[in-house]
Amino acid sequence: MEPKKKGLDGSKEPVFNTTKIKRGNVLICVIKMKGQGSRISGFYKLSIKERVAFVKDFASLTEEETNLLHQALNLPTADRFIENVVGTYQLPLGITVNFLIDGRDYLIPMAIEESSVVAAASNAAKLARIKGGFKAEATEPLMIGQVQVKDLKSIEEAKKNLLSRKKEVINLANEQDPFLVKLGGGAKDLEVREIETDRGAMLIVHLLVDVRDAMGANAVNTMAEAVTSLIERITGGKVGLRILSNLADHRLATSRAVFDKEAIGGEEVVDAILDAYEFAKADPYRATTHNKGIMNGIDPVVIATGNDFRAVESGAHSYAAKDGRYKPLTRWWKDREGNLQGEIKLPLALGTVGGLTRLHPCARLCLKILGVRSSKELAKVAASVGLAQNFAAMRALATEGIQKGHMKLHAKNIAMMAGAKGELLDKIAEKMVQKGKVNIELAKELLKEFEK
Ligand code: MEV
């Protein structure tokens with residue numbers, strides 16, 4: 001294979017080799033990285049076909065799998081997932097490049113409708129690579145199943161009895177899922193909490209379940225329901241709700257990265273980012289938007305892999321308020337050399353098996369592209385994308401603002417709405433950005449002018 005392309009960013013180094021294969025009337029361009037893993041310059045400048053060929057090669061996808069990238073979920077499958085199906089709804093699927101996490105290269109599929117997110121994450125990941133990329137950790141995948149116990153004569157007595165017979169409860173829970181137990185998971189512990197409510201005190205039992213590579217809702221809910229009678233017998237109370245908690249604070253993912261001071265714009269930029277972070281730390285109005293930016297990175301990975309984004313969202317925001325006030329999910333500081341360091345920590349209940357992860361063909365494919373071997377690894381990847389996204393947003397906000405980047409794609413969408421196609425689309429969008437004015441009337445006017 002002959003190296004044909006130079007770095008698309010204008011660098012002298014060839015970034016990848018390409019081979020062109022002709023199949024009937026279709027010319028397929030196969031691109032191979034030159035030992036750089038996910039680090040690629042100018043990925044966005046490739047055609048969709050070239051990008052697909054690159055991903056196919058990177059993740060060793062079959063022809064059939066590759067075709068799934070642009071195929072809608074078929075209706076009979078959709079009809080099995082939810083009720084009253086009348087169609088399917090699609091989102092763009094982008095590939096975020098440049099991620100190096102714990103020394104491993106990842107191409108990260110992101111399903112999202114918002115422009116700039118994929119580009120921002122890729123750019124942040126490129127900058128993080130300078131100092132070794134992301135270093136991530138994840139706790140064991142322990143989920144909480146809650147059992148509400150009411151009408152107790154003595155909460156203290158009920159607590160004592162439950163704790164002394166917790167082995168019995170755990171064993172009964174584990175009888176519901178021998179397969180999970182065989183994999184090393186299952187109910188591991190039991191905690192009791194007392195809560196005061198307007199309808200009196202209640203005892204809340206937490207069943208801690210190691211769900212291994214599943215998100216775990218089914219396993220946990222089944223176990224929580226199965227221990228009802230036993231808990232009622234032990235406590236003498238009445239069991240109410242039995243359901244998992246989305247505040248999965250025993251299932252946390254952490255990721256850290258160092259951003260080289262010079263590479264990100266110097267001391268001034270580091271300080272401006274730290275000021276932005278302090279703003280979020282001190283003000284819940286800002287912290288909410290700060291965390292929204294983080295979820296801009298995490299949700300698309302959660303969606304692309306067929307996971308439950310509502311579960312992840314609710315868990316993240318609840319964790320952000322765990323100290324009684326809503327705070328940022330990231331921390332940022334300056335190291336001794338003046339570089340910017342960041343850390344993210346949040347609950348991430350993500351599965352690589354179960355739910356839609358294997359049933360939705362595109363989710364299955366995205367998991368293959370990611371090449372993650374466990375739910376813990378997926379959580380580390382998602383946390384790293386969240387950190388990258390937060391860095392990118394703060395850097396943009398603290399320097400030139402975010403509108404400049406957003407405007408380019410927004411202008412293209414407006415030009416498209418005005419009826420522009422092909423080359424005219426870019427020309428009209430560019431003209432509107434130059435003028436600092438993006439609206440449909442101007443796009444129509446420009447279209448008329450260009451078509452003259
Ligand atoms: C926009 O989707 C996300 C940001 O508002 C995040 C932030 O403000 O940090 C740019």
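Everything quoted here is computed from the prediction, not taken from an experiment. Whatever order the structure lists ligands and atoms in, that order sets their numbers, starting from 1.
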Ordered by chain then number, the protein residues lying under 4.0 Å from ligand 1 by heavy atom are Glu114, Arg286, Thr289, His290, Lys292, Gly293, Asn296, Ala393, Leu397, Ile402
Partner residues of Glu445 under the side-chain hydrogen bond (donor to acceptor under 3.5 Å, both in side chains) criterion, sequence neighbours left out: none
Show the atom names and distances, to 0.1 Å, of all donor-acceptor pairs under 3.5 Å that link a side chain in residues 311-318 to residues at least two apart or in another chain.
| residue | atom | partner | partner atom | Å |
| --- | --- | --- | --- | --- |
| Glu313 | OE1 | His317 | NE2 | 2.8 |
| Ser314 | OG | Arg310 | O | 3.0 |
| Ser314 | OG | Ala311 | O | 3.1 |
| His317 | ND1 | Tyr326 | OH | 2.6 |

Checking the side chain of Arg51 only, and the main-chain atoms of Tyr44 only, is there a donor and an acceptor separated by less than 3.5 Å? yes
If we ignore angles and hydrogens, is there a donor and acceptor under 3.5 Å between the side chains of Asp213 and Ser374? no
His290 and Thr330 side chains, donor-acceptor separation under 3.5 Å: yes
Qualifying ring pair (Phe, Tyr, Trp, His ring centres under 6.0 Å) pairs, either residue in residues 367-402, two or more places apart: Phe259-Phe391
